[in-house]
2 protein chains.
Amino acid sequence: MDQTSTGKTDTVKLDDFLCFAIYSANHALNRVYKPLLDEIGLTYTQYIAMVTLWEQDDRTVGSLGEKLFLESSTLTPVLKRLEGLGLIARTRDKTDERQVRVQLTAAGRALQARAKTIPPCILEASGLEVEELARLKKEIAALRSSLLR
Amino acid sequence: MDQTSTGKTDTVKLDDFLCFAIYSANHALNRVYKPLLDEIGLTYTQYIAMVTLWEQDDRTVGSLGEKLFLESSTLTPVLKRLEGLGLIARTRDKTDERQVRVQLTAAGRALQARAKTIPPCILEASGLEVEELARLKKEIAALRSSLLR
DNA sequence: GCAGAACAATTTGTGCTCAATCAAATCGTG
DNA sequence: CACGATTTGATTGAGCACAAATTGTTCTGC
């Protein structure tokens with residue numbers, strides 16, 4: 001019973017849609033993250049931006065967007081808020097003034113330690129084993145690649 | 001290599017996050033849907049609301065929100081736009097005036113036929129077989145259930 | 001060297017999402 | 001019947017997301 005079947009019924013059900021499963025799982029994840037992120041004063045998008053910078057500091061807006069699959073028009077206000085929170089600094093690149101370089105401040109780096117408790121909470125809420133979660137993550141990432149092709 | 005491992009590196013990578021896989025796959029799906037939905041003049045959220053009504057007409061705002069995991073504060077403006085497009089009618093329930101009943105118009109029902117071409121396009125873009133897609137959908141729905149527990 | 005193309009980030013406008021709050025209708029209990 | 005509690009949907013404010021248009025910078029061809 002799937003929306004793509006050529007089958008007998010013409011009543012397509014919402015629960016048959018992969019897109020809805022992902023859409024609603026994303027919302028559910030947001031709901032689990034919300035109280036955890038409130039404690040460190042970040043929204044979800046701000047959090048993944050910080051995770052990306054913790055992984056590699058001193059990026060341009062464009063490279064950050066490429067990593068996060070977000071447009072610069074989305075990132076600009078997000079980064080301005082992170083700057084307002086004192087977690088990052090935004091400076092024009094000296095050699096190419098079109099680019100804005102994003103760098104962690106001391107406070108931004110310090111926040112990483114406080115954020116360390118979050119992933120284990122999510123793992124627990126997922127009700128999955130580490131290996132199973134890793135496999136599911138891999139499959140979904142592969143789906144994303146196909147869709148963006 | 002996972003953010004939950006107790007392993008050697010303390011550098012947690014964005015690509016290790018299940019939440020990011022789902023978050024970005026959701027955006028990727030949106031990007032595939034966008035041009036298809038443009039043809040029938042709906043946004044993604046408007047589309048899933050219509051799918052829900054095609055599955056079962058004459059719902060209250062609350063029951064629609066329960067199905068879609070959305071708050072009334074999100075649904076009210078979405079439904080008003082669908083009403084403005086002439087696809088649905090919103091009327092107060094005669095026996096309980098607190099509730100608003102949402103019903104398809106003739107135009108709303110007619111749109112279902114035009115929307116039939118969308119799911120096959122998504123299936124193709126996913127690069128997955130029908131069975132594989134159904135299995136993945138099921139796993140993600142199960143994850144959602146765990147998260148909302 | 002200079003005009004125009006290409007590029008990077010920002011601004012603007014539309015829509016989605018939630019938390020917090022509100023108003024109206026209904027229910028429950030005395 | 002009366003009055004407080006609950007239910008239902010709507011409103012407000014903050015933030016995210018994109019497309020399209022804009023500004024400022026760099027590169028290219030002549």
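Below, chain A is the first sequence line, B the second, and so on; all start at residue 1. Note: hydrogens, waters and symmetry copies are ignored here, and every other heavy atom, side chains too, is used.
In this structure, OH of B:Tyr44 is placed 9 Å from P of C:dT17, rounded to the nearest angstrom. When rounded to the nearest whole Å, the span between CG of B:Asp38 and P of C:dT14 equals 16 Å. Rounded to whole Å, the distance from CG on B:Asn26 to P on C:dC16 is 14 Å. At whole-Å resolution of the value, CZ in A:Arg59 and P in C:dA9 are 13 Å apart. When the C1' atom of C:dA19 is taken as reference, atom NE2 of A:His27 falls 15 Å away, rounded to whole Å. Taking atom CG of residue B:Leu42 and atom P of nucleotide C:dG15, one finds them 12 Å apart after rounding to whole Å. As a whole-Å value, the separation of B:Leu68 CG from C:dC18 P is 10 Å. Between the CD atom of B:Glu71 and the C1' atom of C:dA20 there is a distance of 11 Å, given to the nearest Å.
In this structure, B:Thr74 reaches the C:dC18 phosphate: one of its side-chain N or O atoms is under 4.0 Å from OP1 or OP2. An OP1 or OP2 oxygen of C:dA9 is reached within less than 4.0 angstrom by no side-chain nitrogen or oxygen of A:Ser73. Residue A:Lys80 has a polar side-chain atom (N or O) positioned under 4.0 Å from OP1 or OP2 of C:dT11. Contact check, B:Thr43 against C:dT14: no side-chain N or O comes under 4.0 Å of OP1 or OP2. For the pair A:Ser72 and C:dA9, the criterion of a side-chain N or O lying under 4.0 Å from OP1 or OP2 is not met. Look at A:Tyr23 and you'll find a side-chain N or O under 4.0 angstrom from OP1 or OP2 of C:dT17.
Contact check for A:Ile140 versus A:Lys137: no side-chain heavy atoms found under the 4.5 Å cut-off. Counting only heavy atoms from C-beta outward, the side chains of A:Leu70 and B:His27 approach each other to under 4.5 Å. A heavy-atom distance below 4.5 Å is not found between the side chains of B:Leu36 and B:Thr117. For the pair A:Gln112 and B:Val12, the minimum side-chain heavy-atom distance is 4.5 Å or more.
The aromatic rings of A:Tyr47 and A:Trp54 sit perpendicular, their planes meeting at an angle over 60°, well past the 30° parallel limit.
Residue B:Asp96 is in sugar-phosphate contact alone, with no base atom involved, counting any heavy-atom pair closer than 4.0 Å across all strands shown. Residue B:Arg90 is in sugar-phosphate contact alone, with no base atom involved, counting any heavy-atom pair closer than 4.0 Å across all strands shown.
Pairs of residues two or more places apart, or lying in two chains, that qualify as side chain to side chain donor-acceptor pair (under 3.5 Å) and include a residue from residues 66-82 of chain A are A:Lys67-B:Asp15. Pairs engaging residues 140-149 of chain A under the side chain to side chain donor-acceptor pair (under 3.5 Å) rule: A:Arg144-B:Ser24 [sequence neighbours left out].
With a cutoff of under 4.0 Å to any heavy atom of chain B, the contacted region of DNA chain D is bounded 5' to 3' by D:dT7 to D:dC18.
Judged by closest nucleotide on DNA chain D, A:Leu70 is the one of A:Leu70 and A:Glu97 placed further toward the 5' end. Both A:Ser63 and A:Lys34 lie close to DNA chain C; mapped to their nearest nucleotides by heavy-atom distance, the more 5′-ward contact belongs to A:Ser63.
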Checklist entry - Nucleotide by nucleotide, 5' to 3', does protein get under 4.0 Å of the base (B), only the sugar-phosphate (S), or neither (-) in nucleotides 1-6 of chain C, counting heavy atoms? => result ------

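Residues passing the side-chain hydrogen bond (donor to acceptor under 3.5 Å, both in side chains) test with B:Gln99, sequence neighbours excluded: B:Asp96.
Separation of the B:Tyr23 and B:Phe17 ring centroids does not fall under the 6.0 Å cut-off.
At a threshold of 4.0 Å, the pair A:Arg135-A:Glu139 counts as salt-bridged, since one of the basic side-chain nitrogens sits closer than that to a carboxylate oxygen.
Just one of B:Asp58, B:Thr60, B:Thr91 meets the side-chain hydrogen bond (donor to acceptor under 3.5 Å, both in side chains) condition when paired with B:Arg101; it is B:Asp58.
Contacts between residues 142-149 of chain A and DNA chain D, counted as heavy-atom distances below 4.0 Å, involve no residue at all.
More than 12 heavy atoms of other residues, nucleotides or ligands shown are found within 6.0 angstrom of CD on B:Gln103.
Scanning all heavy atoms of the two residues, the minimum distance from B:Leu75 to B:Leu68 falls at CD2-CD1, 4.1 Å.
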